[in-house]
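Inspection log for the structure reproduced underneath, given as structure tokens.
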2 protein chains.
Amino acid sequence: MKDQSSKTLSSTQRAVRELRRMIVSGELAAGTDHLESELAQTLGMSRTPVREAALMLESRGLLEMRPRKGVRILPVSSEDMREIYDILTELESLAAQRAAEAGYSEQDLKVLERSIAQMDQAIETENLEAWAEADELFHQELVRLGRNHRIEAIVAMMSDQVRRARATTLFIRPLPVQSNEDHRAVLRAIQEGKANEARERHRQHRLQAKEVLCGILEKHRLNSL
Amino acid sequence: MKDQSSKTLSSTQRAVRELRRMIVSGELAAGTDHLESELAQTLGMSRTPVREAALMLESRGLLEMRPRKGVRILPVSSEDMREIYDILTELESLAAQRAAEAGYSEQDLKVLERSIAQMDQAIETENLEAWAEADELFHQELVRLGRNHRIEAIVAMMSDQVRRARATTLFIRPLPVQSNEDHRAVLRAIQEGKANEARERHRQHRLQAKEVLCGILEKHRLNSL
DNA sequence: GCATTCTTTAACGTATACGCAAATAAATGC
DNA sequence: GCATTTATTTGCGTATACGTTAAAGAATGC
């Protein structure tokens, strides 16, 4: 049994998790307004923990609290996407560099290897959801290996903000074949301790991903996801 | 009269500002605990807005809420300092690059110029507080010119976290003469539209600042500022 | 009809109330 | 005296209450 399920978590914590889930899944649609009292009723608790949760999610850039109008689920534009991908590019590249400098063993890099294998398989079977999940895992693990807690937090926050948009573009974009070659190259650089190569390779990988995704958004006029 | 003072701001907002001020100024010392009810009394309001403010400041990495122990003002270690400076290095360097790419006019870059002049003067008169203020202005303006709201927010947050530590090292570190040469070089690169040079120059500037400051912290065993 | 003022509603911001559980103090057993 | 159990306190988490005020609706004047 997991720590989470064994421990009784507070209403505020439940509200944060549940609202976050509803937002990133699109259950609470981008651009929609929701009164605190509505959300409280939905979650089966009073306004107090809902407000506290909303404040936290506001800090994470997922929603906005506006007096009398309720909380507004923030939509993501292609401009937002560019901002976010720029940040991810810089911080993840540094993580890749640091990971390469750390001299990790093959054992330490097992999760990275596994996620790449999963992506390979997902591409073969054209299972896009599985690919997205493995891709997320790769990037998350890469950042973890960079050993900077604040970067982990920031990247997680930015990833949450673009999750809906990513899910949408997933079925429009071409099969991410190039992407996995990049992942392999980054991993190889880390294995060989080539910090600068790991950094630059990942950098290029992210820059390209940005152009692909933002290109799709702009082409399809998807400016509020 | 300023907008802020004319507009009646909510208790929560007042609590955020006041608590933030007290934390970054050291009035609420690093590592100390404070009960919600105490803070509420100090600020002349009930626990509700204090709790809301504390949640927001917790998201900003300035404090930690622990049941029964009150809010704990988070101390900053040299390890934290390294994490933060690594982030500032990456994000500000990107901002410098973007600023150079934007093709700003001399007029647009006036604030940068002025802050550099202020730093020059501060160094001549050995007025360290004035130098720190101008330095803060330079970096803030640089990031603003990078035109990425999320980077602005993240940099502001990280700056808040290290503000106390910076203030401490300010009177220990050598006069930041090299620093201002760097600033000039970055500005020149931006003026000339040399994006890569602006980026790399600022990068080196920040990396060096990190080593200077962290070196001081480690040498003096200042591991909880 | 349209604009304007007044009324009403309702959502939020904040204070207050209260139960629970953790920490401390007191009491009991040995 | 020391360990262990039992009271007591206290701080938080959450529900609730309530005043304020912005927005919507009704009424009035022209």
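All of these numbers come straight from a predicted model, not from anything done at the bench. In the text below, chain A, chain B and the rest are named by the order of the sequence lines, each starting its count at 1. All values below were derived from every heavy atom in this structure, side-chain atoms included, with hydrogens, water molecules and symmetry-related copies excluded.
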Inset, instruction - Decide whether Asp86(B) and Thr89(B) meet the rule of one side-chain donor and one side-chain acceptor closer than 3.5 Å. - result: no
Inset, instruction - Whole angstrom is fine here: how far is it from CD in Glu38(A) over to C1' in dA11(C)? - result: 11 Å
Legend entry - Arg66(B) CZ - dG13(D) P separation (whole Å): 12 Å
Legend entry - No-hydrogen, no-angle side-chain donor-acceptor test under 3.5 Å, His149(B) and Glu83(A): no
Legend entry - Between the first and last five pairs of the helix from dG1(C)-dC30(D) to dC30(C)-dG1(D), the angle of the axes, rounded to 10 degrees: 20°
Legend entry - 5' precedence on DNA chain D between Pro67(A) and Ser37(B) (nearest-nucleotide basis): Ser37(B)
Inset, instruction - Can you check each nucleotide of nucleotides 14-19 of chain C against protein heavy atoms at under 4.0 Å and return B for base, S for sugar-phosphate only, - for none, in 5' to 3' order? - result: BBBB--
Legend entry - Rounded distance (Å) that lies between atom P of dG13(C) and atom CZ of Arg14(B): 15 Å
Inset, instruction - Let me know the distance between CG of Leu35(A) and P of dA24(D), rounded to the nearest Å. - result: 13 Å
Inset, instruction - Using distance alone, with no hydrogens and no angle criterion, decide if Arg144(A) and His139(A) have a side-chain donor and acceptor under 3.5 Å apart. - result: no
Legend entry - hbond_proxy Arg68(A) side chain to dA22(D) base (donor-acceptor, 3.5 Å cutoff): yes
Inset, instruction - Look at Arg147(A) together with Glu79(B) and state whether they make a salt bridge at an N to O cut-off of under 4.0 Å. - result: no
Inset, instruction - May I have the distance from Lys69(B) (atom NZ) to dG13(D) (atom P), rounded to whole angstrom? - result: 14 Å
Legend entry - Nearest-Å distance for atom pair CD/C1', residues Glu36(A) and dT14(D): 15 Å
Legend entry - Single hit among Arg68(B), Arg47(B), Arg66(B) for salt bridge (charged side-chain N to carboxylate O under 4.0 Å, His left out) with Glu36(B): Arg47(B)
Legend entry - Side-chain ion pair, Glu101(B) and Arg98(B), N-O less than 4.0 Å: yes
Inset, instruction - Using modelled atom types only, decide if a donor and an acceptor are shared between the side chain of Ser10(A) and the backbone of Gln13(A) within a distance under 3.5 Å. - result: yes
Inset, instruction - State whether Arg199(B) and Glu92(B) are salt-bridged, where the test is any N-O pair (Lys NZ or Arg NE/NH1/NH2 against Asp/Glu carboxylate O) under 4.0 Å. - result: no
Legend entry - Check: Arg60(B)/Gln161(B) side-chain N/O donor and acceptor closer than 3.5 Å: no
Legend entry - Rounded distance (Å) that lies between atom C1' of dC12(D) and atom CG of Asp33(B): 14 Å
